[in-house]
Amino acid sequence: MPSHLAARALLSDPLTNKGTAFSEAERDALGLHGLLPPHVGTLDSQIARRRRALDGMADNFQRYAFLRDLQDSNEVLFHALVQSDLPHMLPLVYTPTVGDACERFSEIWRRSRGLFLSYPNRHRMAEILSDPAYDRVKVIVVSDGERVLGLGDQGAGGMGIPIGKLALYTACAGFHPAEVLPILLDVGTDNVARREDPLYIGWREARVRGAQYDAFLEMFVAAVEQRLPGVLLQWEDFAGKNAYDLLGRYRHRLLSFNDDIQGTAATAVGTLIGGVHRTGLPLARHTFVLFGAGAAGSGIAEMLVSVLMSEGLDEAAARQRIWAVDRDGLIVSDMPDLAPQQIPLARPRSDVAHWPLEAGVTRIGLYETIANARPTVLIGASGQFAAFDEHCIREMARHCEHPVIFPLSNPISRAEANPADVLAWTEGRAIVGSGSPFGIPGVTQVNNVYIFPGVGLGALAAGAREVTDGMFLAAARCLGRLGGSNGSLLPEIANLRLVAREIAVAVALQAMDDDVATITSADKINAAIDSAMWEPRYSVEMAGAARSA
Ligand code: NAI
């Protein structure tokens with residue numbers, strides 16, 4: 001390539017660009033004089049400049065767009081800025097702002113990032129993946145955009161989620177930006193408003209479903225297996241049935257997990273394990289109501305069963321402690337059309353036959369469930385804004401001193417309750433965790449970011465062949481052991497890198513115990529984790545490399 005084009009290519013590739021931080025020697029060797037202003041900056045001065053610009057912006061959506069643009073022009077600076085203040089930056093690159101970003105993704109589309117594998121291009125997957133740019137990829141986060149947070153079908157706009165999650169893989173678990181690959185499987189969208197939007201960037205057709213969808217997913221998995229054997233794949237924001245089907249079909253074939261089902265379960269259960277002492281009752285004496293028994297709610301329920309059994313209950317007794325409420329009310333076994341994952345959560349009708357219900361009432365709603373089952377823990381994963389109303393929360397607080405209440409749905413527009421209201425309605429007695437950050441002291445942000453980066457890092461460090469349920473349980477227990485500080489049930493966001501490291505070790509050791517690890521020495525695993533964790537710093541090699549070329 002002519003040297004003037006090579007110099008421009010260096011500046012326009014986010015993996016090589018250093019902006020004003022190119023040294024004089026690099027500018028000499030690489031032909032960068034004139035393309036940059038004379039000032040030679042440092043990473044710290046660049047962070048300060050970007051931070052000032054960010055702070056001057058009017059709203060978080062603008063900040064998100066600004067940060068995405070930075071990520072697409074200089075990855076080191078983007079990640080250094082994010083890591084310089086994780087508590088401030090996480091809500092900008094991830095929930096809650098990423099919800100707006102997915103809804104308005106087409107509006108802010110600027111530069112290519114990751115891969116859009118669309119249905120009409122299905123026969124080109126191998127060709128697309130053959131690009132040498134993907135040689136180093138270790139982690140894929142993939143979505144088909146059908147159930148984005150609690151916002152439903154966003155089609156190609158769902159790409160905001162894999163991009164955001166992988167930014168966190170780098171921020172928390174130290175994966176180099178070249179090691180992560182966001183993928184959006186564009187099989188159309190049933191969101192008519194998106195499809196009819198002239199700016200929409202996706203494939204403007206109704207969603208492909210059934211056998212065609214399954215065949216497309218199989219082509220995708222086969223192409224990944226072929227091109228990137230050993231890669232860790234995280235299924236993200238697929239709609240309920242597909243989420244379960246894909247996990248079941250591929251979890252033993254590909255190193256993969258579903259974050260909505262397994263990651264959420266480990267996060268919620270880990271938070272409970274760490275915080276349960278504040279209620280004065282051991283976990284095995286609690287009664288749980290899960291509101292929303294989809295991917296997240298059912299995953300939490302099943303992990304709770306495992307934990308309660310490890311505390312001495314048999315399976316039937318553990319299931320007796322859990323009540324699941326979905327859109328048709330309390331899940332009872334004679335209900336038609338239960339999803340497969342809801343069947344084990346259904347209660348026999350005889351369990352509720354004695355509940356005093358008004359004449360003619362067959363649907364047992366959240367309030368009736370709370371009033372009769374008297375839960376001590378209430379977890380929301382329904383995407384239903386304000387579903388935990390004053391009536392329900394006051395009823396719950398009548399029966400226990402420290403009700404544990406987790407409105408986990410994201411973004412804030414889908415949260416089952418505002419934690420401030422929950423605290424007010426319970427005279428401050430409730431122990432509250434929310435999915436999105438509300439910035440209320442003492443309210444824990446119960447978010448999957450505590451779990452998935454460490455699980456991915458640990459699974460890869462152990463050379464695991466698959467991600468077992470035991471590895472997620474180990475992650476949850478580790479999170480519980482780490483516990484909280486400053487009133488929160490979880491470690492501070494600022495410490496997420498330490499959390500990911502601890503969880504990675506626990507997960508990798510569990511992979512050894514579960515006989516799925518190919519690396520079977522704890523020392524080697526520790527060393528692999530340490531050497532895998534990249535810090536966002538500019539490489540000092542470029543000038544020398546250019547001179548010797
Ligand atoms: P999903 O679509 O699989 O499940 C939602 C469930 O809620 C479905 O079973 C649905 O039938 C039920 N539902 C709908 N309307 C209802 C109503 N009026 N009453 C009771 N149930 C109702 O979605 P998924 O993956 O389980 O996610 C649900 C929510 O949880 C989303 O808002 C998501 O953002 C949030 N979530 C939060 C996480 C966190 O880290 N805090 C992690 C994963 C999910």
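Note that ligands are numbered from 1 as they come in the structure, with each ligand's atoms numbered from 1 the same way.
The protein heavy atom nearest to atom 7 (O) of ligand 1 is Ser382 CA, 3.4 Å. With respect to atom 44 (C) of ligand 1, the closest heavy atom belonging to the protein is Ala296 CB, 4.0 Å. With hydrogens left out, the protein atom closest to atom 28 (C) of ligand 1 is Ala381 O, 3.3 Å, a heavy atom. Closest protein heavy atom to atom 40 (O) of ligand 1: Asn448 OD1, 2.6 Å. In this structure, atom 22 (C) of ligand 1 lies nearest to the protein heavy atom Arg327 N, 3.6 Å. The closest protein non-hydrogen atom to atom 19 (N) of ligand 1 is Phe291 CZ, 3.2 Å.
Using modelled atom types, no side-chain atom of Glu218 and backbone atom of Phe216 make a donor-acceptor pair closer than 3.5 Å. Proximity of a side-chain donor or acceptor of Arg347 to a complementary backbone N or O of Gln320 within less than 3.5 Å is detected. At distances below 3.5 Å, at least one donor-acceptor pair connects side-chain atoms of Asp153 with backbone N or O atoms of Gly155. In this structure, the side chain of Asn410 engages the main chain of Ser436 through a donor-acceptor pair within 3.5 Å. In this structure a side-chain-to-backbone donor-acceptor pair under 3.5 Å is present from Arg251 to Val467. Between the side chain of Gln342 and the backbone N or O of Ala339 there is at least one donor-acceptor pair closer than 3.5 Å. With hydrogens and angles ignored, the 3.5 Å screen pairs no side-chain donor or acceptor of Arg429 with any backbone N or O of His402.
Of the candidates Arg147, Gln341, Glu416, it is Arg147 that places a heavy atom closest to atom 27 (O) of ligand 1. Among Ser409, Gly435, Ala295, the residue whose heavy atom lies nearest to atom 30 (O) of ligand 1 is Ser409. For atom 8 (C) of ligand 1, the choice among Leu330, Asp326, Asp328 with the nearest heavy atom turns out to be Asp326.
Heavy atoms of Ala293 found under 4.0 angstrom from ligand 1 belong exclusively to the backbone. At a 4.0 Å heavy-atom cut-off, ligand 1 touches Gln384 through the side chain alone. Contacts between Thr264 and ligand 1, counted as non-hydrogen atom pairs separated by less than 4.0 Å, involve the side chain only. Heavy atoms of Val446 found under 4.0 angstrom from ligand 1 belong exclusively to the backbone.
Both cation-pi conditions hold for Arg104 and Phe61: the charged atom is under 6.0 angstrom from the six-membered ring centre and inside a 45 degree cone around its axis.
Geometrically, ligand 1 and Gly294 share a nitrogen or oxygen pair separated by less than 3.5 Å. Residue contacts with ligand 1: Leu408 is placed with a nitrogen or oxygen under 3.5 Å of a nitrogen or oxygen of the ligand (distance criterion only). Not a single N or O atom of Val325, backbone or side chain, sits closer than 3.5 Å to an N or O atom of ligand 1. Here's the thing with Asp260: none of its N/O atoms is less than 3.5 angstrom from an N/O atom of ligand 1.
Using bins of under 30°, 30° to 60° and over 60° for the plane-to-plane angle, the ring pair Phe452/Tyr169 lands in the tilted bin.
Donor-acceptor pairing under 3.5 Å is recorded for the side chains of Tyr94 and Asn447.
In this structure, Arg374 places its CZ atom where only 12 or fewer heavy-atom neighbours from other residues, nucleotides or ligands lie under 6.0 Å away.
The six-membered or imidazole ring of Phe257 lies away from that of Trp235, with a centre-to-centre distance of 6.0 Å or more.
The atoms of ligand 1 that sit less than 4.0 Å from any heavy atom of Asn447 are 40 (O). Close approach of ligand 1 to Gly150 is summarised as follows: ligand atoms under 4.0 Å from at least one heavy atom of the residue are 31 (C), 32 (O), 34 (O).
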